[in-house]
Undergrad: 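Got a structure for you, questions after.
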Amino acid sequence: MRHLITPLDFTTDELEKLFDLANDIENNKSKYSKICEGKILATCFYEPSTRTRLSFESAMLQLGGQVLGFSDAGSSSASKGESVSDTIRMISAYTDICAMRHPKEGSAMVASTAASIPVINAGDGGHQHPTQTLTDLLTIRSLKKRLNNFTIGLCGDLKFGRTVHSLINALVRYPDVKFVFISPEELRIPDYIIEMLKEKDIPFEEVIRLEDVMPKLDLLYMTRVQRERFFNEQDYVRLKDFYILDKAKMKLAKEDMLVLHPLPRVNEISIEVDSDPRAAYFRQVKYGVYVRMALILTLLELA
Ligand code: CP
């Protein structure tokens, strides 16, 4: 039995197969519409979500399966003090596969050791968000036709942003990827990631001004400054509008640069950018459903 706790749980060859499957699902939906009949997906979300929870549920429903779960720790027995390990034992008796989001780092890993069904990490605190990473990689591969040989700028909250940490971990396995980290001093990329890049001799630079690096980017991964990860409101208010991608900044970018964002956005991308053909963040959302369909099939050994 396999789980997905970090993006590194799949080799790059396994990811290629997963992405091929996701693209086949995209192009031949009816072929897959009954494949999960009789199977149940649990979505156990101890933290808010729109995209991840609903895209998992949509994925399972489109595969012919069923879904159950909770979207708020307060409506589960976690509010009475039940542990994640005990909860997943119950969920294992009720369902065939579980997607779990939890505010504490390592929770999905703990759940996977107690589970008798596949567990998918749908985000654990500021640590990892592997299915967002699968979404990001599938989007890049589908729209750029490659997962190597590009310069990617990651902008915003690089300190707490689990989508950023997961994506870097995944991209370092592909050749000729250069990283440009764009953040205020307070939200710099963690030292352990810098050390990992140095050890692997992977090129990177850290800058504060987005304008200075726009012309060199093939991909720009924007992120939200996350109110929920700050210890005080003052710091959040000071930093929340540090970056706003607008038409003027897009004029500095390459004609074929793509803008990605895991969403939700707040102010960091002006809505005037939405109509720019380089804005790929709403297309990214669709790839999130296809890749989660492919993941469910793979972990249930149905494909
Ligand atoms: N991208 C993402 O994780 O969005 P949600 O928080 O809405 O699930």
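Ligands are counted one by one from 1 in listed order, and the atoms in each one are counted from 1 as well. Predicted model, so just to flag it, every value in this text is computed and none were measured. In this chain, numbering begins with 1 at the start of the sequence shown.
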Undergrad: Report the residues that fulfil side chain to side chain donor-acceptor pair (under 3.5 Å) with Arg283, sequence neighbours left out, ordered by chain and then residue number.
TA: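 Scan of Arg283 (side chain to side chain donor-acceptor pair (under 3.5 Å), adjacent residues dropped) gives none.
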Undergrad: Quick one: ligand 1 N/O to protein N/O pairs below 3.5 Å?
TA:
from	atom 1	to	atom 2	distance (Å)
ligand 1	1 (N)	Gln132	OE1	3.0
ligand 1	1 (N)	Pro262	O	2.8
ligand 1	1 (N)	Leu263	O	2.9
ligand 1	3 (O)	Thr52	OG1	3.0
ligand 1	3 (O)	Arg101	NH2	3.0
ligand 1	3 (O)	His129	NE2	2.8
ligand 1	4 (O)	Arg51	NE	3.0
ligand 1	4 (O)	Leu263	O	3.3
ligand 1	6 (O)	Arg101	NH1	2.9
ligand 1	7 (O)	Thr50	N	2.8
ligand 1	7 (O)	Arg51	N	3.0
ligand 1	7 (O)	Arg51	NE	3.4
ligand 1	7 (O)	Arg51	NH2	2.9
ligand 1	8 (O)	Ser49	OG	2.6
ligand 1	8 (O)	Thr52	N	2.9
ligand 1	8 (O)	Thr52	OG1	2.7
ligand 1	8 (O)	Arg101	NH1	3.4
ligand 1	8 (O)	Arg101	NH2	3.3

Undergrad: In terms of relative ring orientation, are Tyr287 and Tyr290 parallel, tilted or perpendicular, with 30° and 60° separating the classes?
TA: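 Aromatic pair Tyr287/Tyr290 classed perpendicular.
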Undergrad: Just jot down the ring pair (Phe, Tyr, Trp, His ring centres under 6.0 Å) partners of Phe70, sequence neighbours excluded, or say none.
TA: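 Partners of Phe70 by the ring pair (Phe, Tyr, Trp, His ring centres under 6.0 Å) criterion, ordered by chain and then number, come out as Tyr46.
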Undergrad: Quick one: list whatever passes side chain to side chain contact (heavy atoms under 4.5 Å, CB included) with Lys251, sequence neighbours left out.
TA: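 Scan of Lys251 (side chain to side chain contact (heavy atoms under 4.5 Å, CB included), adjacent residues dropped) gives none.
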Undergrad: For Ala99 and Phe45, which heavy atoms make the closest approach, and how far apart are they?
TA: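 The answer is O-CE1, 3.8 Å.
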Undergrad: Which label fits His165 and Tyr192: parallel for a plane angle under 30°, tilted from 30 to 60°, or perpendicular past 60°?
TA: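 Ring orientation, 0 to 90° scale: perpendicular.
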